[in-house]
Structures are given as C-alpha cells and as structure tokens.
Amino acid sequence: MAMITFRINRYNPDDERRGHYVQEYALDVCKGCTVLDALNQIKWEQDGSLTFRRSCRSGICGSCAMTIKGVNRLACETQVLALKSPNVTVEPMRGYPDIKDLVVSLDPLVRGLLAVRPYLITKTPPPSDQERLQSPEERARLDGLYECILCGACTSSCPSFWADKEYIGPHAFLKAYRFVADSRDEGSREHLEALDDKHGLWRCHTIFNCVEACPKDLNPTRAIGELKKELVRQRIG
Amino acid sequence: MTNFDPESIHDVKGVPVHSVHRHDVVIVGAGLAGMRAAVEASAEFDVAVLSKVFPTRSHSGGAQGGIAASLANEEEDHWEWHMFDTVKGSDYLGDQDAIEIMVKEAPVVVREFEHMGCPFSRTREGRIAQRKFGGHTKDFGKGGPILRACYAADRTGHALLHTLYEVCVHNRVRFYPEFFALSLIVRDGVCRGLVAWDVIGGGVHVFHAKAVLFGTGGYGQVYRITSNALANSGDGLSLSLRAGLPLEDMEFVQFHPTGLYQSGILVSEAARGEGGYLTNDKGERFMERYAPQKMELAPRDLVSRSIQTEINEGRGIGGGPYVHCDLRHLGADKIMKLLPQIHELAWKFLHVDCIKEPIPIQPTAHYSMGGIPVDIDCRVLIDGKSKPVAGFYAAGECACVSVHGGNRLGTNSLLEASLFGRRAGKAIVRFLRETRDFPELPSDAADAAIAEVERVLSAGGSESVGAIRTELKDKMSAGCGIFRDGGKLEKLAGELRGLEKRFRNIKIDDRSEKFNYDLLEAIELGHMFDFVELIVAGALKRQESRGAHSRTDFPDRDDEKWLRHTLAWKRGEKVEFDYKPVTITRFQPKTRTY
Amino acid sequence: MRVIKRYRIHAGTFAWILHRLSGLGLIFYLLLHIWVIGHLSGGERSFDGIMHAFGTPMFKALEIGLVGVIFFHMFNGLRITLIDTGVWVERQKQLFAATVVVWLVCWGVAAASMISRMFPGLG
Amino acid sequence: MQYNDTVRSGGALWWLLHRISGLYLAVILFIHVLVLHVLTKEEITFDVIAERVSTPLWKTINISFLAVALAHGLYGLWVILDDYVHAGWARILIWGVIAVIALVFVVYGSLTMISFQYGG
Ligand SMILES: Cc1cc2nc3c(=O)[nH]c(=O)nc-3n(C[C@H](O)[C@H](O)[C@H](O)COP(=O)(O)OP(=O)(O)OC[C@H]3O[C@@H](n4cnc5c(N)ncnc54)[C@H](O)[C@@H]3O)c2cc1C
Ligand code: HEM
Ligand code: SF4
Ligand code: F3S
Ligand code: FES
C-alpha cells in the first residue's frame, strides 16, 4: 500500500470560463492496482463527476488511452506502483479536441482512418464454398499490423499531428499498410491515394513518438517507410 | 395514436429532444452480432448502428480463443460431431433445431469472414488454421479433442470485430458511436424504433425505424468478479423487459475457472492446456480430488466448482478467495513461447511474473446463456414461444435461441453472435422487402426515456451509485454464483429488494449533459436491478443442477421436471414465469460425463 | 490554473528537433558561404581580408561547431534515410545510439585536426 | 478546417529527391571536410583555395554542390514551414520567396565559380 496523489487535468465544457484546471485526489493504492482502477475508485468513492472512457479493463478495446506522467498509455494496463512516484499526473491525450476531463474527441482519428479506405479491396471474386488461400508466410506479414486497437495514442503523440490537425496519422498509415501488405488485397492504389497529399505520408518526419506511445508495441514508422517506398515505386516505376 | 412531434415535447422536463432520425433498420450494438447484421442488411437498405462505445471497442474484441466451425482443414470433422458436442455441452437444454442450423452454417460464416479480410492464422496449405478447445471432440465424443476452433493467433475476437467494422465502413453503414439506448418503442405488438441518449453531446434522440435489432451483449458486470467489460451491463435485456417482453433461461450464467484474482480478467484455457497446475493453500493439486483422470483439463463448470469448493472450505491461498495457477514448472522458455499473452496479462494486471511466481486466480463470471427469446430467424417472441413482435430482432449474447442451453462451449459464442447476426440481417431484409411504410411513432414515444434521464439528473438523495453497484455485485457473487441453494437465493432476493429501495434514493455528482458517465452508470444500475431479479428468481425456481446452474440442495439433473426453458416477465413488482419445452431432434438426453 | 501540456521527449523527438535546427542553421550558413565565396571574384585582397577576420580564435571555434552541425545533420540524415528504406526500423534506438557515436567520433577527429592546425607547434 | 490547396506539400518525387540530394551532399561534404580541414595541413589562404577552385574538376564539383545544397536546403526550409504555415496566401508567398532565393544564389554562386581564374 502506498498513498499516491493523482493530479488530474480537468475540464468541463459547460464551464468554459474555468477552462482546464488540475484537481488532486489522494488514494491508497495497493500492488496490482492499475491507473484505471484508481480512477474508478476516485469516481465511485470520491467524485462522481470525474470523467474518462473505459470498457474492457484488459488492454484490448482502446478506450482508456490517456497521458499518464507525460506519456500516452492505456490506463488499464498501467500499474500505479510501477510508475514509482508518489505523484501521478493524468491528462487527456493531446492533439485531439477536448470533450470533458480525460475524454477527447475521436473525430480526427476516424477521419484519418477513413481516408485510407480501411477495408480489403478485391477485384477477383473469392472462390465459392472455400476460403482464399494465404500461406503462413504471407499471413505473417500482417503480424504487427492487424493488432491495432485504434486507441489513438500514436497519433496523439506525433508532433506532425500537433502541427497539422488534418494529418492522417500513424494509426491510419498502419491500417493502410495492413491492407497493402495483405496478399489478398488488390487495391493498394486506392489505399494509397489519400496518402500522397499534404496531410499524408510526407508530413511524417520519422520522429518515432508513435512507436514509443503504442501500447501494443506496434511500429507505425515501419509501416510508413514501406508505404513511402510503395508510393515512390508507383510514381516513378 | 397521434404522431410524434419533436417540437411538442421539446424541453418537456428540461431535457431537450434533439432530433428524430429515420432509418429502415436501427441496430443497437456494434459487437459481432450487431455489425454482422448491419453488413447483411446494408447491401439493400439504409442501416444505422448505435453503440454506447465506439464500434471497435465492443466486447467481442476481447475474445481470444477462436470461432468454431467444422471446416475440417486440419483433420476430419463433420457438422454432426459439432452438433453432438454442442448439445452435450448444453446439458441437453439447447434447442436442437437451432443448434443444427448453427453447426451447418458455421463453415459458410467463417469463410465469409475470410472473404471480408479477416486475418485468420493459416495452415501450411494456406487454409484457415484450427485449434483444440474444451468440449469439442471427434466422433460424437468417442474420439479425443478435435481441431475445430478457427483463430487469428490469440486475438480472434479482435480480428473479427475489426473486419466487420471495416466492411461496415465500406458499405456506408451509418454509425452513431457513443449513443446509449434508453428505451424501446413497442406498441400493439409492433416495434417502431427506439430512444437514445447522445453521450458526447448530451440530449435525447428518437430513432424511427421499420426494424430494430438488439445485439447488446452480455451482463457480466452484475458479478463482482467478471471477465466482462465495464460496458457489459445488460441494457438490452432490461429495455426488452420494460417493453413488456420476456427473458429466457436467465438462471444460466457461465463462470470461467481462471480469472485473474480481483480483476477477473480472463486467463485463457491454454494455461491449463499447456500443463499448468491448480494448487491450494497447502500446495496440493486439488483437482486430484474432483477429477482424478482429467485433472486440470476437466470441463469448465467442473473446474470452476472445484476451485470454489476449495475456497469455500478455507483452502484458498491464505484462506482468501483465490487459488494458484502454477506455471513455474514449465520453465521460462515454454512460457514465453507458448503463453506469452498470459505472462503479459499476469504482469500487467497483477504485477506477477509467472515464471517465478504462481498466478493468483479465481472463477470469473463470463457468459450468459439466457437472454431475449428469439426464433431461428432472430425474431423476438412476445410470448417467448411462437408469436413474434413485428420488426424487433435480437442476436448474440443478449439473445437466447437457445444454442447453448445450460452451458456454452468455448468458441461457440463468437459463432452464435456472427451467425445469428447474419441470419437476423437476412430476415430483416426479407421483412423490409414486404414493409413499405414506417410504423406510426406514438406521440409519447420519448416520454419514459426523458423521465428517466430527468429523474437521475435531478436525483437529490444520499446513496452513492458506486457503493450500491458494488454491493449488488458482491451479493450476486455470494448468493447466485457458482453454487446456489434455496436458502441463500431467498435471502439474496430480499437483499436485492432492499438495495433497489436504496437505489431510488441516489445522489449524483455530475448534472451536466455532456459526456456524463455518472448519469449513465446510474441508468445502467437501474437496468441491472431489472434483470438480476429474474436470474435469482429463476435460479430459485429451477430445483435441479444442470450445466452452469448448480444447486447444492438439488445436486442432480432432473429431466422429468426441468428439461424445459424458463420464461420470465416483469409485471409491476412481480416476476411471472412460464415454461416451454426443449426442441429435441437428433440426440436424446443422456447423463453428461467427460 | 491552466495546464501547460507537455509530452515526454524521446530520443526520436530530440533527434528530429536537432535535425530541424541543424538544417535551418546550415541553409543560412550556406547562403552566407556563397556570399563569401562570391568575394573571391573581388581578388586576393578582399578574400584574405575576410579570411583574416575568420581566422580569429572565435571564428575558428565557430568553424569547429559548424563541422559538428554538418556532421550531425549528415549522419542523422543518413539514419533517417536508412529508416525510410526499412533498415533497422525495429531497432531504432540502437540505430540512434550508433548515429550519435559515429557523429561524435567523426566530429572529434575533424576537430582534433583543426585544432592541431591552429597550433602548428603541437602537431 | 480545410487548408488552402494552392500550394501542396511535396509528393513522392520531392521526397525521393530530398533523400538523394542528401546522400549526394553527404558524399561531397565528407570529402570537403576531409580535404579542407583534415588533410590540408597548411593555412587556408587565397592561394591555396584559388588553386584548387580553378581546376575544371573542382569547378564541376563545386557548382553541382552549390546547386544540390541549395535545392536540398531550401526545400528543407519549405518542409519545415509547410508544417506550421497553413494559410494559403502565406504558403504562396513562401514558395515565391524561396524560389527567388534559389534562383539568385544559384546564378550568383555559379557565376563566381565559372568566372574565377587563378592569377586573374
Ligand atoms: C474475455 C472473454 C473472452 C471470450 N472468448 C471467447 C472465445 O474465445 N470464443 C467465443 O466464441 N466466445 C468468447 N467469448 C464470448 C464472446 O466474446 C461474446 O459472447 C460475444 O462476443 C458477444 O457478442 P455480441 O455481439 O453479442 O456482444 P458485444 O460484442 O458485447 O457487443 C455489445 C454491443 O452492444 C452495445 N450496447 C450495449 N448496451 C447498449 C446500449 N444501452 N446502448 C447502445 N449500445 C449498447 C455495446 O456498445 C456493444 O457495441 C469471450 C468473452 C469474454 C468476456
Ligand atoms: C550532409 C549531408 C546531408 C544529408 C544526408 C541530409 C539529409 C537530410 C534528410 C534525409 C532530410 C529530411 C528530413 C525529413 O524530411 O524529416 C533533411 C532535411 C533537411 N536538410 Fe539535409 N542533409 C544533408 C545536408 C544538408 C545541408 C548541407 C543543408 C543545408 C544547406 C541541409 C538542410 C536541410 C534542411 C533545412 C532540412 C529540413 C529539416 C526538417 O525537415 O526538419 N541538409 N536532410
Ligand atoms: S498503432 Fe498502437 S498506438 Fe496507434 S492506435 Fe494502434 S494500437 Fe493505438
Ligand atoms: S511520431 Fe509522427 S512523424 Fe512519423 S514516425 Fe511517428 S508519425
Ligand atoms: S479499458 Fe479497454 S483498453 Fe483500457
């Protein structure tokens, strides 16, 4: 057990004049307690107005991404005591429009995602009564790509996104490459179309914040590199 | 019936009605069931999908193991075998006509997922890979375990869910993400739409539809220890009850043996499959006492009961409510190669390194076999038996067709959700082809919902929602968990009534309209009170032990009296029951031994 | 109190900021450089005049700094190009560390030789 | 928010040329620093510089270096400004200014190189 002070960045849209402010909550935290557990405990026992998204509690739904001690993480996967500090600051992820307290708007995330036509594009019809064949090696190319939980931690941490609110974003690049790399997909031109744009790939300066931020240990930067090469190939080849 | 006019009720009680939306089909729930139906119906009609969480945050994404289908990609398999296993697993309470449809169509549904782009793991030949799962066997139970569960590594649910979302995006399904359904509009046996709350912006929205589908998922959150998401509060069940419709077989709740201590987060069956031990406070492998042959690999309900017995008899670790799942003897190599996810989970959520320490585990509420009674085309039945509500459908975990009967087999529920979601979609398309006009929307359509929101937002009592919910969960775990008996259930029913009284006197900290989870958690708790009563009353009535329902005072299965489905309504303060026979076609009930 | 939002600076962010600053520095230096070389056409006197001004210890120190900046931008630019081509993306941290080491070593060698030339007695 | 489309960020080709020019500069600059600061032992005087600059080989190298470095550097400047300047008119203005600078300096620098004669 340890007494931890949570410094939570709060914001109520109905009270614009007050704007953002920091509120502190002290909580006795035991081994195994995650930041999400702590936030729930605060909400249920101290202040019901504290607002944050959450659902699965197990790091798979992507709801609870927030900035904890200056870094984007999933609250439900972050052990409080592992942060090794008596003070824990919790803020909404930066870069997205604020909705309330720790809740941000996902609109930029979805807009970026839709831009890359995030679905399998095929032209030849699939065999009837049978799956398309895909070798384990071809399938392995999707590892590290399809696991994205759309939490938005990557894009929020990217300085290019801070500078351009319409930046399509590493999460969407990763998704685009998930399809471009799929042996079954026949629409790489369609996936890539929106990327050769001023809000697209060329705004990525290989800063790697996205990689550092990704709670699923995915590597959007690698996907971005592959996409850049693919685009160059299409343009000059 | 005068027609609905948003202006006339605007600001009736201070809660504004923002707009009326019209769609041919309105689907509540963006899990496998909801989105699979949306994919089907959107080919021809205008489909809207509401979900209280962003679609890809639905709980289906949490499923790890796999989706069952007798593809026979890895070894010989037949739908008859799959059917036998499902019937036996259900402890013969499953309706065999529905099960037959499910096992026969399963390969089609799984292959369609592949065609949509789902990144299934593959065999050497490039086909969808399959693995073993508890309860799935060869040759009508005579052979050993069979490779039947199709999977995408240990992220099957995630892969399926995202694939469906992607196809919905492609089909231009209209999403209303973070819209919370408040009430269902059913009048004169016709469903006319529903009322929902816009979580982000605040405000009531009315959805006018020719057909409504519920794919609202499970309700694990009524238990203290559960593998379910915080959003799994069973709203759909309550909305359906409040519209005067029954629920079926609610007493059947599945407990998974291995949830992480305290959080209940699922430790997959693979932990035991790869050779993990279960040990008690004395360090004994206690499964020796309960299943000397199969040991840790006995079926889920049996292992759960064994663990609970150890805990109840004081042999939990340090006398506490948990035992150990010990993997240390497997060695670091094997753990990191075969069970990396489990290693990660134990580390991230308990701060336990399972290479060096045993993992504290306890049984965890996992799945609800019961739900909204529907026929094989997912039409919701007004009488629970044969009379459908025009235009109202349900599929997935919130529905009860019933393919799982008294106990569900692993990997059968992803199958059920997507397969019956698809069937529902097809049925809706047929229905809409014949239905030209929108049903009339009654003028008081939104009144109940507005009143509810208003009541909570102005609640000036003294009781905390969080505290009451915690008590409800504790009491459900203690009184209506793995083991039940008449005395405890009756006591629990009384306690729940007391809690519900206190619930009427809640206070609320957040009175704003925008993104108010304080409000929604209170509404969810109200929903829970509606249907937990049926779980408890149903469990009290059913004087036998079958599948997941285990009465210590009636330890045997009683086919004579209880080979039938429970139907329950809520009429005022009272719960009313009716029963219907189980459909038996191919397999006559036999004693269930493994 | 208004919260000033911060985000932890990782190695990649740091490298990016330095790359930007060095790139900016270099382009302005280049423009200056072209102007200086332009004075060559003015003949020996004007050139030596400027070189004399640049010959002071302060300008020598600046020159050593310039080489450092060039080398940083150059090696980091090579790092970026490597990553773009898909090399070592998974081990970007090691790659970054290697870049810094190579940069410092090369800068050190160049600086040592420049200093030794400034003080011929030492060579 | 829709940024003005009059001046696009670079596309695939620009991006590729930026890398290639960077690589070219890396080679040249490395040689440059090596020759000038490491291998050259004597003091840098007009004679030393002028002698080298007047050979045809060095002339070509220097002119190409000049052009490529200007292109790379000025385009780099655009890359930076592109991140932060979103108003259409400002983007056009910046493009104009950068283009003028590029032109002036390439011409001025090249003239310097070409017209230079040792002993002249
Ligand atoms: C940890 C875990 C692992 C599992 N593993 C497996 C497995 O390996 N194989 C298997 O077959 N099954 C597994 N299951 C079971 C299976 O995942 C579920 O039964 C199935 O996914 C349910 O799907 P669904 O579409 O019915 O509901 P869900 O996916 O739960 O979706 C419910 C939807 O309804 C929405 N909703 C609910 N209430 C409202 C409301 N009031 N207003 C608006 N929207 C609302 C939610 O937002 C959500 O979109 C597992 C379950 C758990 C908990
Ligand atoms: C020595 C060899 C050089 C190499 C290998 C190199 C490489 C690169 C690369 C790869 C980039 C792209 C960075 C990005 O898009 O994120 C870049 C950017 C840049 N370079 Fe160079 N470069 C070199 C020399 C120079 C020189 C001599 C100048 C100045 C004249 C210069 C000025 C710039 C500028 C201003 C940028 C933009 C910085 C940014 O985007 O943040 N570079 N360089
Ligand atoms: S790539 Fe990683 S950080 Fe980005 S959205 Fe996906 S899971 Fe989240
Ligand atoms: S942080 Fe941003 S700049 Fe590129 S490498 Fe990641 S997207
Ligand atoms: S609550 Fe789902 S990822 Fe944290």
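Below, all heavy atoms of this structure are taken into account, side chains as well, without hydrogens, waters or symmetry copies. So you know, we letter chains A, B, ... as the sequences are listed, proteins then strands, and number each from 1.
Neither the backbone nor the side chain of S58(B) comes within contact range of chain A, judged by heavy atoms closer than 4.5 Å. Proximity to chain A (any heavy atom under 4.5 Å) is restricted, for R469(B), to the side chain, taken from C-beta onward. For C150(B), no part sits under 4.5 Å from any heavy atom of chain A, backbone or side chain. Heavy atoms of N232(B) lying under 4.5 Å from chain A are absent altogether. No part of Y261(B) comes within reach of chain A, as not one of its non-hydrogen atoms sits under 4.5 angstrom from that chain. Proximity to chain A (any heavy atom under 4.5 Å) is shown, for T56(B), by both the backbone and the side chain. There is no contact between T470(B) and chain A, counting heavy-atom distances below 4.5 Å. Looking at L350(B), the atoms closer than 4.5 Å to chain A (heavy atoms on both sides) all sit in the backbone: N, CA, C or O. Looking at L150(A), both its backbone and its side chain come within 4.5 Å of chain B, counting heavy atoms on both sides. Of the atoms belonging to H162(B), it is side-chain heavy atoms, and not backbone ones, that fall under 4.5 Å from chain A.
A side-chain contact (heavy atoms from CB on, under 4.5 Å) with C64(A) holds for exactly one of L74(A), T78(A), V35(A); it is L74(A).
With ring centers used as reference points, F120(B) lies 6.0 Å or more from Y146(A).
In terms of non-hydrogen atom pairs under 4.5 Å with chain A, the most contact-rich of V199(B), I200(B), N516(B), V53(B) is I200(B). Highest contact tally toward chain A, considering only R155(B), E125(B), Q262(B), is held by R155(B) [criterion: heavy-atom pairs under 4.5 Å]. When each of R124(B), R511(B), K507(B) is scored by its heavy-atom pairs under 4.5 Å with chain A, the top score falls to R124(B). Counting heavy-atom pairs under 4.5 Å between each of L142(A), T34(A), I121(A), I99(A) and chain B puts I99(A) at the top. Of the listed residues M116(B), K514(B), H158(B), the one with more heavy-atom pairs under 4.5 angstrom with chain A than any other is H158(B). Across P177(B), P107(B), G466(B), G117(B), the residue that shares the most heavy-atom pairs under 4.5 angstrom with chain A is G117(B).
Between I523(B) and F180(B), the closest side-chain pair of non-hydrogen atoms falls below 4.5 Å.
In summary, D47(A) and R10(A) engage in a salt bridge, as defined by a charged side-chain N under 4.0 Å from a carboxylate O. Ion pairing between a basic and an acidic side chain is recognised when a charged N comes within 4.0 Å of a carboxylate O; R57(B) and E178(B) show no such pairing.
In the model, N73(B) has no side-chain atom that pairs as donor or acceptor with a side-chain atom of T123(B) under 3.5 Å. Side-chain contact, K100(A) with S512(B): a donor N or O sits under 3.5 Å from an acceptor N or O.
Using the six-membered ring where Trp is involved, F179(A) and H191(A) have ring planes that are parallel, under 30° apart on the 30 and 60° scheme.
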